[in-house]
*Asks:* 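Please see the structure below; I have some questions.
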Amino acid sequence: MDLSRFSSNIYLNTINKGSVSWSSPSNIALVKYWGKKQTQIPENPSISFTLDNCKTITVLDFVKKETQDDVFSFEVFLDEIPKPEFHPKIETFFNRIEAYLPFLKQFHFTIKTKNTFPHSSGIASSASGMSALALCLVSIEKQLNPNLSETEFIQKASFLARLGSGSACRSLEGDLVVWGTHPEIEGSNDLFGVKYPYKVHDNFKNYQDTILLVDKGEKQVSSTVGHNLMYGHPFASQRFGQAVDNISKIKLILESGDLEAFIALVESEALTLHAMMMTSMPYFILMKPNTLQIINRIWSFREETKLPISFTLDAGANVHVLYPEQYTDDILKFIQDELVAYCQNGHYICDKIGFGAKQL
Ligand code: DP6
């Protein structure tokens, strides 16, 4: 795909200051992105459920600099507290996206952000945070160039979000988003996420995701480092091929509503992700003993009750418990009776499939 479609040279309007605001959710991958090429191009396609309750709300104030210079000028606040430690990540993001947003160095930005989930919950806030910021920036571009169509808007925001954090490009829309080229998914591409374009069985409408917070601490190995360890990984090419096959399989599953096949695919994806971590060099383990306790409890409960409960994991110790909405009462009772004991301070978050970002 031609990158020049994301460049903007002509702005019709001039503005001196303003404020834009978006809320953007997190997402949980069913088929995982793990391994990337240069410039945030994924090694394999991935698909995720967009979440509903776990989101970032960002207000971006901008004012034209009095003297134009060649530096990015911004400050960041989380919950109204200045966060200089976020600066390097945003500086990197701005450097990556400057070619596509020529106004970036003309303004001073105040980024005011907050998450609906606790900051220290171990839930990745990069997907929701980077997508919210990308959407705010494209909203400014839209003020400069009102001709930007709705499709161009969302594709560009996803394209930019990807340059901030790969999985962030899957957070803008819902309820299922594909990122990465796959021959059987029309429109899928490596540059931005696309709404899953095919029929989805009612079994997957309003799917629930209860996130069990096993370990709220900082991860010992960041996703970026983990992705890089897929270079030269002994199982890399098999893994990337498997993800392609799993997207083909999940397409059939999503259409047929086959919950048993869904469970097998999603759990296998989660464990494969962690198997890649355990077999990279250096190797590492992000699961904790309680992660395994929870997984075993889920398996026994499923065996006993035949309820279609499953789990997935992201790059951490927390467990996402997935189930169709109609089983919520039974499964929440099970979580409260048997799984909460394995959560740090008994904390968990009830979430479900959502429909993407909203301008505020
Ligand atoms: C395990 O999107 O956080 O959650 O592109 O380096 O920012 P960067 O990585 P990131 O990786 C997410 C990995 C994952 C799987 C997934 O969401 O697909």
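Both counts, for ligands and for their atoms, begin at 1 and track the order of listing. Just so it is clear, the values below take in all heavy atoms, side chains as well, and ignore hydrogens, waters and symmetry mates.
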*Asks:* At less than 4.0 angstrom from any non-hydrogen atom of K36, what atoms of ligand 1 do you find?
*Replies:*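 That gives atoms 5 (O), 6 (O), 8 (P) of ligand 1.
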*Asks:* Under a heavy-atom criterion of less than 4.0 Å, does R162 contact ligand 1?
*Replies:*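 Outside the 4.0 Å threshold, so no.
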*Asks:* Under 4.0 Å, heavy atoms only, figure out whether ligand 1 is touched by the backbone of L273, its side chain, both or neither.
*Replies:*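 Answer for L273: side chain.
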*Asks:* Quick one, Y11 and P102 - any side-chain contact, counting heavy atoms below 4.5 Å?
*Replies:*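 In short, these two side chains touch, coming nearer than 4.5 Å.
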*Asks:* Run the numbers for me: atoms of ligand 1, each under 4.0 Å from some heavy atom of G166, listed by number.
*Replies:*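 Going through ligand 1 atom by atom, the ones under 4.0 Å from G166 are 2 (O), 5 (O), 7 (O), 8 (P).
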*Asks:* If you count the atoms of ligand 1 from 1 in the order shown, which ones are under 4.0 Å from a heavy atom of A315?
*Replies:*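 Near A315, the atoms of ligand 1 are 1 (C).
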*Asks:* Can you give me every donor-acceptor pair (side chain of residues 352-360, partner residue at least two apart or in another chain, under 3.5 Å) with its distance?
*Replies:*
| unit_1 | atom_1 | unit_2 | atom_2 | d |
| --- | --- | --- | --- | --- |
| K352 | NZ | D52 | OD2 | 3.2 |
| Q359 | NE2 | S139 | OG | 3.4 |

*Asks:* Determine which pairs satisfy side chain to side chain donor-acceptor pair (under 3.5 Å) with at least one residue from residues 265-275, sequence neighbours left out, and list them in order.
*Replies:*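 Found R239-E269, N246-E269, E267-W299, E267-R302.
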*Asks:* Kindly indicate whether a cation-pi arrangement holds for R96 with F93, taking the cut-offs as under 6.0 Å to the six-membered ring centre and within 45° of the axis.
*Replies:*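 No, R96 does not sit over the ring of F93.
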*Asks:* Mind checking whether T328 and Y323 have side chains closer than 4.5 Å, heavy atoms only?
*Replies:*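 Heavy-atom side-chain distance check passes, below 4.5 Å.
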*Asks:* Walk me through whether T50 and R170 qualify under side chain to side chain donor-acceptor pair (under 3.5 Å).
*Replies:* CA-CA 7 Å; T50 305; R170 296 188 313 237; over 6 Å; no
*Asks:* May I ask you to check if ligand 1 and W34 share an N or O to N or O distance below 3.5 Å?
*Replies:*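 The answer is no, given that W34 and ligand 1 share no N or O pair closer than 3.5 Å.
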*Asks:* How far apart are the closest heavy atoms of P146 and N13, and which atoms are they?
*Replies:*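 The answer is CG-ND2, 3.4 Å.
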*Asks:* Taking N or O atoms only and a 3.5 Å limit, does K32 qualify as a polar contact for ligand 1?
*Replies:*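 No, K32 has no N/O under 3.5 Å of an N/O on ligand 1.
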*Asks:* Does only the side chain of S167 get under 4.0 Å from ligand 1, or the backbone, or both, or neither? Count heavy atoms.
*Replies:*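 Answer for S167: both.
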*Asks:* Using distance alone, determine whether D314 and ligand 1 share an N or O pair under 3.5 Å.
*Replies:*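 No; every N/O pair is 3.5 Å or more apart.
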*Asks:* Identify, by atom number and element, the atoms of ligand 1 in contact range of A29, meaning under 4.0 Å from any of its heavy atoms.
*Replies:*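 The atoms of ligand 1 under 4.0 Å from a heavy atom of A29 are 16 (C), 17 (O), 18 (O).
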